Protein chains: 2
Amino acid sequence: MKILVVEDDQFHASFLQGVIAEALPEVTETLHVQDGLQGEAAARAGRFEAVVMDLQMARRNGIEAARTIWHERPRTRILFWSNYSDEAYLRGVADIVPAHSAYGYVLKTASRERLKLVLRAVLLEGQVMMDREIQRLRRRNASPRHSLSQSEYAVLLDLALGLQDRLIAERQGLSLRTVQNRLLTLYDKLGVNGEEQALPGLNKRVRALSRAISTRTLNLEMLETAQHDLECWLAARPADEKAPPTQRGDGAL
Amino acid sequence: MKILVVEDDQFHASFLQGVIAEALPEVTETLHVQDGLQGEAAARAGRFEAVVMDLQMARRNGIEAARTIWHERPRTRILFWSNYSDEAYLRGVADIVPAHSAYGYVLKTASRERLKLVLRAVLLEGQVMMDREIQRLRRRNASPRHSLSQSEYAVLLDLALGLQDRLIAERQGLSLRTVQNRLLTLYDKLGVNGEEQALPGLNKRVRALSRAISTRTLNLEMLETAQHDLECWLAARPADEKAPPTQRGDGAL
DNA sequence: ACAAATGCTGCGGGTTCCCGCAATTTCGAC
DNA sequence: GTCGAAATTGCGGGAACCCGCAGCATTTGT
């Protein structure tokens, strides 16, 4: 059995390799790379079927790397091993995991014993397993009180990038008013309206982004991914939509 | 010589203790605690004069802990040891370091040899020392093209918290128009105006926050600290400023 | 000492945002 | 097939925001 470790912190990596050697004696070869890009290349070249992946890495983060790996070989078993239990990461992982794939999510604060257990369960036996903390967060989000639907989350991303209503509407294929309704429910679910009545001087738009970040609904990685997506979308968008009132340049003057 | 280590990642902490034992044989006692609160208490009780401090920790971050430590014993020598070179951290550290205090800033990616060197220089000889990368960032910010002045940064924090112009003005003791001027220069320095002319559909206010975060001018820790400061300021603010147009309740109607 | 530069402020207008009201559509349930 | 809840859209108004213009105050350079 071959295993690929994608982790940019050398201390964590060496600790992890020790635990792997201890928990999975059937491993014959482990390769350690430092970031997502190298991880993609290594997975492609080495045909690994078991991967341990950090999420926050320099050149390409773990979610994007996992997406391309799963895109090429959907049966790869991936264990995400991260410092943080941000909702943004959970959502990112949930968005890309293929049906029937084995994966897991463990926090770096987990005990050595727990890590060994999860390593065997996910990488060897192909189960789906999550840290206790992760499960708890996931259940909390299942209640529709505070959880964001897929489309609400998309609007939140656009808001976070600084698009104004009209552009969000165009990008999501909705009417202006609907976007504003979505924003209303966002303000509600993020708790902006609750604060507003205690302190009536808030800019709800900014406050929503601020709260999304401090509650870890959004994080830096997801923001950068969204920014990249936006640039792709802009490049693909026909140019004539940019300026409906074509003012000058056609012939005269 | 006694030394205090404040670090919540156990792997990093044990690595650090190894390096300390190697680099500073004159150390007679090292105490390791897991977060800022414990760090403050330990520094108070143990009268340490040398501290190695992580920045990103669970209960209280390194900057706040360092502030109270320095407030109680300004001659304490503190070496900050962090994963990130965010401008927000640099600014936070620069804001609290007392005059004539010895301190340093090293990245966790620094080599073992470099860490040993800085440990001796700062904690033993009382010099001021920074990582190469940190120096570079600091020089870049010295050029007034992109760097934010103290007051501009304060306005950026208020903006990031979601205050609207009027409240920012009140909080900073400025007129409304001046706040808006500050915002203009902020938009400029954060590059919002540059993007605006390429893509004319941006909400500058949100975009400014978005860029401040993705360029690491702001980060989650500083946002939370600012939020806390805001709540303190709100509590201290006289209540009658909240509603200038007193509409009802005074006798007749 | 004078001029230039920089920072702070008020005014006014054009735009965007927030959101209540109401009409219409969609969708699941019975 | 019908009913009711939820989602989607249009309209309109008041508030907040962006920003050019112009008048003072302070600071700086010569």
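Note: hydrogens, waters and symmetry copies are ignored here, and every other heavy atom, side chains too, is used. All of these numbers come straight from a predicted model, not from anything done at the bench. Chain identifiers are assigned alphabetically (A, B, ...) following the order of the sequence lines, protein sequences preceding nucleic acid strands; residue numbering begins at 1 within each chain.
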Does one side chain, of [X] or [Y], offer a donor that lies under 3.5 Å from an acceptor on the other?
X: S151(A); Y: Q172(A); answer: no
X: Q56(B); Y: N83(B); answer: no
X: T225(A); Y: E64(A); answer: yes
X: N181(A); Y: R177(A); answer: yes

Can you tell me the distance, in whole Å, between the [atom1] atom of [X] and the [atom2] atom of [N]?
X: Y187(B); N: dC18(D); atom1: OH; atom2: C1'; answer: 8 Å
X: L174(B); N: dG10(C); atom1: CG; atom2: C1'; answer: 15 Å
X: L186(A); N: dC19(C); atom1: CG; atom2: C1'; answer: 15 Å
X: Q172(B); N: dC8(C); atom1: CD; atom2: P; answer: 11 Å
X: R166(A); N: dT9(D); atom1: CZ; atom2: P; answer: 17 Å
X: L202(B); N: dC17(C); atom1: CG; atom2: P; answer: 11 Å
X: R182(A); N: dA7(D); atom1: CZ; atom2: C1'; answer: 8 Å
X: R207(A); N: dA16(D); atom1: CZ; atom2: P; answer: 17 Å

Quiz item: Bend angle of the helix from dA1(C)-dT30(D) to dC30(C)-dG1(D) from five-pair axes at both ends, rounded to 10°?
Solution: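 Rounded value for the end-axis angle: 40°.
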Practice problem: Find out whether N193(B) and K204(B) are in side-chain contact, i.e. whether some heavy atom of one side chain is under 4.5 Å from a heavy atom of the other. | Solution: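 A side-chain contact exists here, since the closest heavy-atom pair is under 4.5 Å.
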Practice problem: Taking the side chain as every heavy atom from C-beta outward, state whether L90(A) and I134(A) have any pair of such atoms under 4.5 Å apart. | Solution: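 L90(A) reaches I134(A) side chain to side chain.
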Side chain of [X] only, please: which of [options] is the nearest?
X: L184(A); options: dC19(C), dT9(D), dA16(D); value: dC19(C)
X: N193(B); options: dT16(C), dC19(D), dC18(C); value: dC19(D)
X: L183(A); options: dC18(C), dC17(C), dC19(D); value: dC18(C)

Quiz item: With a 4.0 Å cut-off on heavy atoms, is Q180(B) in touch with a base, just the backbone sugar-phosphate, or nothing at all?
Solution: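 Result for Q180(B) = base.
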Quiz item: Contact class for L176(A) vs. all strands (heavy atom < 4.0 Å): base, sugar-phosphate, or nothing?
Solution: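 Nothing, no heavy atom under 4.0 Å.
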Quiz item: N181(A) or Q164(A): which one's nearest nucleotide on DNA chain C is closer to the 5' end?
Solution: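 Looking at the nearest nucleotide for each, Q164(A) comes out on the 5' side.
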Quiz item: Would you call the rings of Y105(A) and F80(A) parallel, tilted or perpendicular, where under 30° means parallel and over 60° means perpendicular?
Solution: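 The rings of Y105(A) and F80(A) sit tilted, inter-plane angle from 30° to 60°.
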Are OP1 or OP2 of [N] and a side-chain N or O of [X] less than 4.0 angstrom apart?
X: S175(B); N: dC8(C); answer: no
X: N203(A); N: dC17(D); answer: yes
X: K204(A); N: dC19(C); answer: yes

Quiz prompt | Donor/acceptor link under 3.5 angstrom from R177(A) side chain onto base of dG20(C) | solution =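 Side chain to base: pair present.
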Quiz item: Cationic tip of R77(B) within the cone over Y103(B)'s six-membered ring, i.e. under 6.0 Å and within 45° of the normal?
Solution: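 Cation-pi check for R77(B) and Y103(B): fails.
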